[in-house]
Protein chains: 2
Amino acid sequence: MARAFAGAVNDWIAREWLDRDPALRASIVVPLQNPAFAVDEIERCAPDLRFVQVLVLAMGEMPLGRRAYWPVYAAAERHGLPIGIHAGSSYRHPVTSVGWPGTYAEDYASQAQGFQAQLTSLVTEGVFRQFPDLKVVLLESGVTWLPAFLWRLDKFWRGLRPEVPWVDRPPHEIVRDHVRLTIQPLDAPDDPGVVLRIVEHLRSDAMLLFATDYPHWQFDGDDVLPDGLPGDLIEKIAVVNPLETYPRLRETAP
Amino acid sequence: MARAFAGAVNDWIAREWLDRDPALRASIVVPLQNPAFAVDEIERCAPDLRFVQVLVLAMGEMPLGRRAYWPVYAAAERHGLPIGIHAGSSYRHPVTSVGWPGTYAEDYASQAQGFQAQLTSLVTEGVFRQFPDLKVVLLESGVTWLPAFLWRLDKFWRGLRPEVPWVDRPPHEIVRDHVRLTIQPLDAPDDPGVVLRIVEHLRSDAMLLFATDYPHWQFDGDDVLPDGLPGDLIEKIAVVNPLETYPRLRETAP
């Protein structure tokens with residue numbers, strides 16, 4: 001059933017949206033429950049260059065680094081399609097690692113953990129060593145947790161690296177080369193200095209991508225970019241980084 | 001069985017450790033599976049002032065904010081005992097919110113999520129409003145994730161506060177007043193500036209507590225404090241903050 005749904009959604013988005021506005025691009029929804037079917041769906045949609053990434057949930061049945069999913073990454077890499085990981089759950093596990101939350105506020109705040117767990121899994125299982133051209137984009141993940149997360153992951157990797165010999169360089173380097181994050185909603189305080197400091201901590205201005213989260217407005221209202229960013233950083237976030245991340249955007253530019 | 005185990009551990013620690021060295025203090029282990037039994041155990045041990053906190057796991061059966069646990073917090077508050085939340089799981093849920101990890105490195109790096117989920121739960125369920133004198137100490141949680149976590153929690157609280165009207169001020173203020181963290185293992189890079197910046201982000205130098213994690217040495221070796229901290233911050237971390245957090249330390253000072 002997931003296969004039929006995913007195929008129907010992709011056909012619908014192409015016919016009802018992409019065909020009507022040449023400026024639009026879309027993601028390929030895949031039935032990740034069955035990686036072979038997911039690969040079939042990628043192969044079916046990939047010839048249409050208006051599909052620019054493969055979309056999966058932040059919280060599914062297993063951590064995304066597990067070998068069962070590797071054929072999906074092989075297909076995505078082959079077609080120049082980043083894997084977009086979007087907030088959301090298949091609800092096979094509680095949203096937190098300590099059980100079910102009691103309120104929506106708790107659920108929302110806890111969504112970042114799913115993204116953190118997926119990055120940890122993708123890095124420690126060696127996905128990016130196996131697929132050196134694969135890009136992963138975190139969608140609605142928030143951003144400010146990343147530096148501390150990478151410090152921690154680097155530290156535990158240093159202590160336990162004999163267990164994961166295929167992780168042959170510090171996790172922060174792997175993430176910097178392969179992972180991109182969208183800036184909506186932005187989990188930073190109003191102080192614009194914090195965003196600049198995050199970019200400095202990441203030692204990279206290539207990781208952030210413009211996003212609006214349209215039509216959601218409940219967190220950042222109409223402010224699509226934080227105040228006070230320098231013009232060259234805005235240029236990176238809004239133009240340079242997206243074109244680097246999504247090669248199909250450049251190929252199909254009108 | 002948990003009740004018998006917890007009682008036996010507490011008796012053993014008093015007899016074999018506290019009785020032998022007047023410098024030592026201990027935590028009360030409780031059978032949290034049954035909050036009424038946990039309260040009984042607190043009442044039984046609390047008259048011995050060498051017990052200075054109540055110890056629970058970072059990852060149990062339910063988020064710690066849930067109402068079922070409130071009698072435990074009432075007992076702890078009554079006796080001036082902080083709740084110490086220590087890394088570890090009862091393994092009723094996977095260590096990550098996306099399923100079971102494949103490696104120990106992944107497990108270790110993911111432990112911070114349990115602490116994040118517990119803080120979210122304690123704040124959003126209103127525990128600190130109900131128990132204004134309650135302190136919570138995170139043990140082996142890491143530290144550097146806290147500022148970004150609080151920015152996120154503040155933000156989602158602002159968006160969703162009608163759902164949790166009992167959270168009547170920003171989460172970062174609640175956490176600053178009620179929560180303390182130990183500094184081992186420290187999930188910061190070697191740059192000492194980062195620790196100072198974290199303290200600045202927290203807008204508080206009262207939250208960090210000295211710890212050695214003895215006999216574990218696999219992450220920080222013999223370095224019990226990060227290099228380059230100013231003397232007054234060390235004084236706060238090693239002396240002032242612990243005495244503030246654990247009133248029984250002061251009462252029972254030899």
Side-chain angles (χ1 to χ4, degrees), chain A residues 58-66 89 92-106 108-110 112-114 116-118 120-121 124-125 142 144-149 151-161 163-164 167 185-189 194 197-198 201 218-219, chain B residues 58-66 89 92-106 108-110 112-114 116-118 120-121 124-125 142 144-149 151-161 163-164 167 185-189 194 197-198 201 218-219:
Chain A
M59 292 176 280
E61 286 184 84
M62 289 193 302
L64 286 170
R66 303 292 283 273
S89 179
R92 301 294 178 109
H93 306 287
V95 174
T96 86
S97 59
V98 299
W100 293 101
T103 65
Y104 194 45
E106 193 179 348
Y108 239 122
S110 300
Q113 296 173 30
Q116 292 165 17
Q118 299 297 17
T120 308
S121 174
T124 57
E125 298 274 3
T144 60
W145 53 265
L146 191 64
F149 165 84
W151 294 333
R152 182 178 180 92
L153 192 55
D154 274 3
K155 178 152 202 155
F156 289 110
W157 168 76
R158 278 205 299 275
L160 297 164
R161 57 189 289 193
E163 186 207 22
V164 286
V167 186
L186 188 66
D187 50 356
V194 167
R197 201 172 273 180
I198 296 293
H201 278 321
Q218 69 264 52
F219 297 113
Chain B
M59 291 176 281
E61 287 184 84
M62 287 193 305
L64 286 170
R66 302 293 282 274
S89 179
R92 301 294 178 109
H93 305 287
V95 175
T96 85
S97 59
V98 300
W100 295 101
T103 66
Y104 193 46
E106 193 180 347
Y108 239 122
S110 301
Q113 295 172 30
Q116 293 165 16
Q118 300 296 17
T120 308
S121 173
T124 56
E125 298 274 3
T144 60
W145 52 266
L146 191 63
F149 166 84
W151 294 332
R152 182 178 181 92
L153 192 54
D154 273 2
K155 178 154 202 155
F156 289 110
W157 168 77
R158 277 204 301 274
L160 298 165
R161 56 188 292 192
E163 187 207 24
V164 287
V167 186
L186 188 66
D187 49 356
V194 167
R197 201 173 274 181
I198 296 294
H201 279 321
Q218 69 264 51
F219 296 111

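Keep in mind it's a predicted model, so treat the numbers as computed, not measured. First the proteins, then the strands, lettered A, B, ... as listed; each starts at 1.
Your options are B:Ala112, B:Gly142, B:Ala188, and the one with the most heavy-atom pairs under 4.5 Å with chain A is B:Ala112. Per-residue counts of heavy-atom pairs under 4.5 Å with chain A were compared for B:Ala117, B:Ser110, B:Pro63; the largest is that of B:Pro63. Among B:Gly60, B:Ser97, B:Gly102, B:Ala148, the residue making the largest number of heavy-atom pairs under 4.5 Å with chain A is B:Ser97. The greatest number of non-hydrogen atom pairs below 4.5 Å with chain A, out of B:Thr103, B:Asp154, B:Thr96, is found for B:Thr103. Ranked by non-hydrogen atom pairs under 4.5 Å with chain A, the options B:Ile198, B:Leu146, B:Leu64, B:Val194 are led by B:Val194.
Contacts of A:Val164 with chain B are made by side-chain atoms alone, with heavy-atom separations under 4.5 Å and no backbone atom involved. Contacts between A:Glu163 and chain B at a heavy-atom distance below 4.5 Å involve the side chain alone, from C-beta outward. At a 4.5 Å heavy-atom cutoff, A:Val167 makes no contact with chain B through either its backbone or its side chain. Of the atoms belonging to B:Gln113, heavy atoms from both backbone and side chain fall under 4.5 Å from chain A. Looking at A:Arg66, only its side chain comes within 4.5 Å of chain B, counting heavy atoms on both sides. Looking at A:Ala58, the atoms closer than 4.5 Å to chain B (heavy atoms on both sides) all sit in the backbone: N, CA, C or O. Interface remark: A:Glu106 contributes backbone and side-chain atoms alike to the contact with chain B (heavy atom separation under 4.5 Å). Contact annotation for A:Arg197: only side-chain heavy atoms (C-beta onward) come within less than 4.5 Å of a heavy atom of chain B.
Heavy atoms only, all atoms of each residue included: B:Asp187 and A:Trp151 are closest at O-CB, 3.4 Å. In terms of heavy atoms, B:Leu186 sits closest to A:Lys155 at O-NZ, 2.5 Å. Closest non-hydrogen pair, B:Gln118 versus A:Val98, comes out as NE2-CG1, 3.5 Å.
Side chains of A:Arg152 and B:Thr144 form no contact here, defined as non-hydrogen atoms less than 4.5 Å apart.
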